[in-house]
Trainee: 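Handing you this structure, nothing more for now.
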Amino acid sequence: MKGELKMDVNDYLPLRDVVFNTLRQAILRGEMEPGERLMEIQLADKLGVSRTPIREAIRKLELEGLVIMIPRKGAEVAHITEKDMRDVLEVRAALEELAATLACRNVTPERIEELKMANKRFEAAIISKDVVAIVDADVNFHDIIYAMTDNQRLIQIINNLREQMYRYRLEYVKDARAHSILISEHKDIIDKLSKKDEENTKIVIRQHITNQEKGIIRLLNK
C-alpha cells in the first residue's frame, strides 16, 4: 500500500460509509494497487475502527467491481480488465458526444475563456508530474463543458460514472507520452466549441476518448 490511509471523518455519514469512501478513493487513486489484498485486521488498525465497517465496505466495493473475492485468500483490489474499460469508455464517449452537441448550442465567449484557463491549469499540472493533479485538472476541464449543456439529467448521469472514469483517467495519464496529446486535444476541443461546430466537436471528443482507450490497452498489454 502506497503511503498511509487517511480517513476524513464526516459527522453526517455513518462510519461504514466513511470507511467505504476512504477505501474507494485509495483504490481509484492508485494508493491501493490491483492485486493488493484487503486484510480486515490490518485495515481496521490503520483506520482506527472495528472490523465490522471494514467488512461492510469491502462487500460494497465488491458490488462496484473494485474488489474481487478470491477463494481461500479473501478480498483483493480488482485488476483493470480490457472489457470493463471498454464498457465504461463506450458509455462515456456517447455521453461526451451529447454533451459536446449541447455545449455548442450554449457556448459563450466567457465559457471559452474558462476552458482556456482550465487547459492552462492542466498544462501546469502536467509540468508538476503529479498524476492526481493532472487527472483533477482534466476532470475540471470536462466539467466546464458539462455545465455548458444546461442539462442537469445528463450531468447527473455523467457524475454517476465519474468514479469509474477516474480510475481509467489515472491509468492513462501515468503514461507521459499521453500528456502532449491531451493538451493538443483540449485545444482542438476549445477551437471547435468556439466555432459552435457541433459535428467536428463530436468527432474530436470521440477521438479524445478513443485515444484514452488505446493508451490504456497499450499499458495493459505491456
Trainee: Check the surroundings of atom CD1 in I41: do more than 12 heavy atoms from other residues, nucleotides or ligands lie under 6.0 Å from it?
Mentor: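 Incorrect, the count does not exceed 12.
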Trainee: Less than 4.0 angstrom from a charged side-chain N to a carboxylate O is my criterion; do K116 and E113 meet it?
Mentor: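 A salt bridge links K116 with E113.
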Trainee: For K202, what residues pass the side chain to side chain donor-acceptor pair (under 3.5 Å) criterion, not counting sequence neighbours?
Mentor: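 With neighbours one apart ignored, the set is empty.
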Trainee: Go through the steps to decide whether D136 and Y166 satisfy the test side-chain contact (heavy atoms from CB on, under 4.5 Å), and finish with yes or no.
Mentor: CA-CA 9 Å; D136 289 346; Y166 192 100; 3.1 Å; yes
Trainee: Thinking salt bridges, do E40 and R51 make one under a 4.0 Å N-O criterion?
Mentor: yes
Trainee: For the CD atom of Q212 and the CD1 atom of I181, what is their distance to the nearest 0.5 Å?
Mentor: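 Interatomic distance, Q212 CD to I181 CD1, rounded to 0.5 Å: 12.0 Å.
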Trainee: Can a salt bridge be assigned to the pair E198 and R105 using a cut-off of 4.0 Å between side-chain N and carboxylate O?
Mentor: yes
Trainee: Students often mix this up, so state it plainly: with edges at 30° and 60°, are the rings of H186 and F122 parallel, tilted or perpendicular?
Mentor: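 Aromatic pair H186/F122 classed tilted.
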Trainee: Through direct or indirect side-chain contacts below 4.5 angstrom among Ile, Leu, Val, Met, Phe, Trp and Tyr, which residues connect to L193?
Mentor: V107, I112, L115, F141, I144, I145, M148, I189, I190, V204, I205
Trainee: For Q156 and N160, what are the C-alpha separation, side-chain angles and deciding distance, and is it a side-chain hydrogen bond (donor to acceptor under 3.5 Å, both in side chains)?
Mentor: CA-CA 6 Å; Q156 183 179 31; N160 288 342; 5.7 Å; no
Trainee: Do H142 and H208 pass the side-chain contact (heavy atoms from CB on, under 4.5 Å) test, and can you show the C-alpha distance, the side-chain angles, and the key distance before you say yes or no?
Mentor: CA-CA 12 Å; H142 285 272; H208 187 54; 3.2 Å; yes
Trainee: Show me the pairs that pass side chain to side chain donor-acceptor pair (under 3.5 Å) and involve residues 77-90, at least two apart or across chains.
Mentor: T81-D84, E82-R86, K83-D87, R86-E213
